[in-house]
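Inspection log for the structure reproduced underneath, given as structure tokens.
All values below come from the heavy atoms of this structure, side chains included, with hydrogens, waters and symmetry mates left out. Chain letters run A, B, ... following the sequence lines, proteins first and then strands; every chain starts at 1.
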Number of protein chains: 2
Amino acid sequence: MKINRQDKLQHLFSPGSVAVIGASNNPGSWGYGIMQSLFNFPGKRIYPVNPSFTDVLGFKAYATISDVPGPVDLAVIVVAAVRVPDILRECVTSGVKTAVIISAGFAETNNEGSKLENEIIEIARQGDICFVGPNTMGHADSNSQVSTFNWTRGEILRGPVALLSQSGNMCMRIIRYGNDTGIGFSKFVSTGNEANLRLEDYLEFLAQDDTTRVITAYIEGLREGRRFFRLARETTLNKPIVVLKSGGTEESAKAIKSHTGALAGSDEVYNAAFMQSGVIRVSDDQELCDVSFALLNQPLPRGNRVAILTMGGGLGAVAAESCEKEGLEIISLDESTLDKLDTYLPPRWSHRNPVDMAGISITENPAMYSSLIALIEDKNVDAIILQAPVGVFNSKRLSEILGFTPEQTKALKESEEKSVELVMDKIEQYDKPIFMVAPFPHINIADSKNSDTSERKRIPVFPNPHRAARVLRHLSWYRSYISSVAGKTSPFA
Amino acid sequence: MKINRQDKLQHLFSPGSVAVIGASNNPGSWGYGIMQSLFNFPGKRIYPVNPSFTDVLGFKAYATISDVPGPVDLAVIVVAAVRVPDILRECVTSGVKTAVIISAGFAETNNEGSKLENEIIEIARQGDICFVGPNTMGHADSNSQVSTFNWTRGEILRGPVALLSQSGNMCMRIIRYGNDTGIGFSKFVSTGNEANLRLEDYLEFLAQDDTTRVITAYIEGLREGRRFFRLARETTLNKPIVVLKSGGTEESAKAIKSHTGALAGSDEVYNAAFMQSGVIRVSDDQELCDVSFALLNQPLPRGNRVAILTMGGGLGAVAAESCEKEGLEIISLDESTLDKLDTYLPPRWSHRNPVDMAGISITENPAMYSSLIALIEDKNVDAIILQAPVGVFNSKRLSEILGFTPEQTKALKESEEKSVELVMDKIEQYDKPIFMVAPFPHINIADSKNSDTSERKRIPVFPNPHRAARVLRHLSWYRSYISSVAGKTSPFA
């Protein structure tokens, strides 16, 4: 039975065909938006079902699901709640394997809705069909390019992060924000009321999913807490799990009760369980994306001892404060490092950590790279926060600032690439992450839109030191967890 | 003497002529960048001084300051530290009124530097000249369009916010970030070592400056603490002061000592003094800009009771949690409000605060506006956080989503503008601020680049509820301060 359910999930994420029951030609309606989102589904075996239309967005429409020729792996149901039980029965009769029930108006509303929800649970049990929802925004898979959301127009950005969300809107926020910052998603599910498929089912599936390297989740309340934490303990040793859990305050918990009917549970109990199972708990959607990006691109630090390399004393002081507030240590540098820095930097440098390069010019990048490598090589340092001038790691921009000729630009680019290569090698060799804090806060944490085609690891760039310090704390804790439980230094090794 | 100094500051910010001693044609050098920044200075009475050049960036160059024809109100000095005393003496002899000493290598370095600094202090005292710095990145005024920074190319964005910063790089970060989010600056100063002009001098000037409505500052340590807090107590009743103060942790305080030689002082003492003088203390540069924007565009809330209007239950729960963690109250709505909402919203709405509009469609904006106004009118509500669909306050985007014809787009725009007008009127009438949390986090807190030409107040848009809640807490506290001290409801009234 359990294997069966996991097989069904395979059909959910990689269906051979999709029917949309309640498909529509009316812009603004869900049945229209979902049809649009399915445009990129390859093979286009898409069957709109709606007796009011002969075709929907160019696809031949059918009056009922039983009229559809050929097998349907996945039915998306977007009709009024009262009609869902009959529709689901028809799906069972027609041999549909899985369903996504977008419709709302079930247990999250009133007794009437609860009765409807019990009815569809029973239909699914007897009919051997799995479903997402009800009251879900949908699900998507970037590899099969199936999407039952009504807002994923165009191709879905591929990548190694999966997202399970107990809120559809939060799912949308995280996907959009992640995409903007260079994070691609393998699969994402708005889990809705979890009347049939539960967050724990998806988690079990994702743990074995080769396209997923990091699992993230927005959680309001767990229906199978023990199962979740058992799965998490097994999974986090090989795949990081990053969780945003709400309901930690009184009114927030009440809001959750009214949202999906879930009980938020004691925040302390959740916290302890997350820590004991290696789950990284974050406090907002931005942090969720920041941590995921860093996990994929940088090694885990051996400890919490940070060196700061900065272009200005004030920025260094603020960065040090951010680190200390997150429980990180601003360590004393080794004597040999101080000696090296003396040879690289102008005499006015701070002679301590934070290493203030004291107004180093943007033309002095080589000195900056040498200093960076000296810090990586320092045995007291576990991680580095770099606040570099705007041209660092960006020879194009630097050339513009300096008004370089094409030849000069080319030479700068080559020398820059060599330096970056060297820094990246050192990061690998010494197993020490570097986080950059941008000189200008509007710079994104990634410069490339597609995280999947980029083979090369990237240095995360944060708009302020607080965000960098927050991520470092998580990574340091996570390494100590997998190290103490399994003697590992990386989940991916 | 004090009046004299304030007069001198007038010359600093609105000079009739500027000399750049150490001006250069070498891209990447400070002497070159500063000359570029002065391009927008009207009248172009700019005198580069450098014996190595006959002209700099097209301006005739002079060998020494005494060779310059006509009076010089402001001299920018960007030469090696050891040469600064002689240069400053020449400035005095030539009748220069004020100077900006960019050069570093003074008290922030060693005994030698301290001696140099004492020397220029004495020269200025005897010669009756004021100066910014040394070890400063410069200063700028958006009204006179003078800038001695080496990075403010092009016109400086005008606006009512002033910034004093004890770190040049932090000054640059805040200006860039502010400009990006629609905040214009009246004047900004990187105060450097404050050997002559101190932060307190600028503060006294800004308190009387008509172009400045909000004063912001990045502070590492105050040299005249008593004077600062006396000035602040007088000023904050009419002009908000927003301060980012670092040095609250051990290594951060040490870093500050090594940066500008300032003593960070006890964080608790600073905190108490800020609170007693009505100064809003923020924790990072982003918060500084967020608070400034809100102060200029929204009324101060009467208290800390918040209503949340949201397009999704999960978003509502997370927003409620953010508010509660900031000490704000998620209040129970008045019975009459619940009745009104029942008539506006789909039956599945949450029937409580947070008001979850339960998957309201983007075509149902009128219901959303009505609900918003019902919340403004609720006597229990002091402020509103709105998490609305993407089309709200953005009829252009909504028209695109719905594939509207030009006629439909026009009609939507008109109806939308009416609704926005109505909401804005209600905000004024009831004195209750609205903060919007964007459905997608990459939306800026402002949609317009120029904050000065926009007469109309704007609704701040934050990428997550945490930032909105943080700002609300500050505004609520600030109102209670000016109300208890002076019986005022707004600093500007």
Side-chain angles (χ1 to χ4, degrees), chain A residues 27-29 104-105 108-109 165-170 172-173 176-177 180 218 220 246-252 254-256 258-260 284-286 311-318 320-321 324-325 330 348 350-352 354 356 358-359 361-363 401-403 439-442 463-464 466, chain B residues 27-28 104-105 108-109 165-170 172-173 176-177 180 218 220 246-252 254-256 258-260 284-286 311-318 320-321 324-325 330 348 350-354 356 358-359 361-363 401-403 439-442 463-464 466:
Chain A
S29 73
E108 81 282 9
T109 52
S165 177
Q166 289 183 336
S167 151
N169 283 292
M170 188 55 83
M172 181 161 68
R173 277 176 63 91
R176 297 250 163 132
Y177 181 69
D180 264 12
Y218 167 69
E220 299 197 338
S246 66
T249 59
E250 193 181 336
E251 294 302 320
S252 169
K254 284 187 200 161
I256 283 170
S258 123
H259 177 218
T260 45
D284 60 42
D285 47 325
Q286 194 168 57
M311 66 193 267
L315 296 182
V318 172
E321 186 164 337
E324 291 184 294
K325 282 182 176 167
I330 305 300
R348 293 183 299 102
S350 62
H351 292 84
R352 62 193 318 283
D356 174 11
S361 152
I362 49 175
T363 56
I401 293 172
L402 298 179
F440 312 124
H442 58 276
N464 61 55
H466 171 60
Chain B
E108 82 280 8
T109 52
S165 177
Q166 290 184 335
S167 151
N169 282 293
M170 188 57 83
M172 181 161 68
R173 278 175 63 91
R176 296 251 163 130
Y177 181 69
D180 265 13
Y218 167 69
E220 299 197 337
S246 67
T249 58
E250 194 183 335
E251 295 301 321
S252 170
K254 285 188 201 161
I256 283 170
S258 120
H259 178 217
T260 44
D284 60 43
D285 46 325
Q286 195 168 55
M311 65 192 267
L315 295 182
V318 172
E321 186 164 338
E324 291 184 295
K325 283 183 176 168
I330 305 300
R348 294 184 298 102
S350 61
H351 292 85
R352 61 193 321 281
N353 184 20
D356 175 9
S361 150
I362 49 175
T363 56
I401 293 172
L402 298 178
F440 313 125
H442 58 276
N464 61 56
H466 170 61

- request: Look at B:His466, B:Lys254, B:Lys325 and state which one has the largest set of heavy-atom pairs under 4.5 Å with chain A.
  value: B:Lys254
message: I need the B:Glu321 CD to A:Ile256 CD1 distance, nearest 0.5 Å.
response: 7.0 Å
message: Measuring only between side-chain heavy atoms, which start at C-beta, is B:Asn464 closer than 4.5 Å to A:Arg173?
response: yes
- request: Applying side chain to side chain donor-acceptor pair (under 3.5 Å), name anything that partners A:Ser350, two or more places apart in sequence or on another chain.
  value: none
message: Is A:Gln286 close to chain B through its backbone or its side chain, or both, or neither, when contacts mean heavy atoms under 4.5 Å?
response: side chain
task: First locate atom CE of B:Met170, then atom CG of A:Leu315, and finally report the distance between them rounded to the nearest 0.5 Å.
output: 5.0 Å
- prompt: Can you tell which of B:Gly168, B:Ala104, B:Gly316, B:Pro354 has the highest number of heavy-atom pairs within less than 4.5 Å of chain A?
  reply: B:Ala104
Whether A:Ser252 side chain and B:Val318 backbone form a donor-acceptor pair below 3.5 Å: no
- request: Heavy atoms only: give me the nearest B:Tyr218-A:Gly314 pair and the separation to one decimal.
  value: OH-O, 3.5 Å
- request: Kindly say whether B:Glu324 contributes a backbone atom to a donor-acceptor pair with the side chain of A:Glu251 at under 3.5 angstrom?
  value: no
task: Mind checking side chain to side chain contact (heavy atoms under 4.5 Å, CB included) for B:Thr109 and listing every partner two or more places apart, or none if nothing turns up?
output: A:Arg348
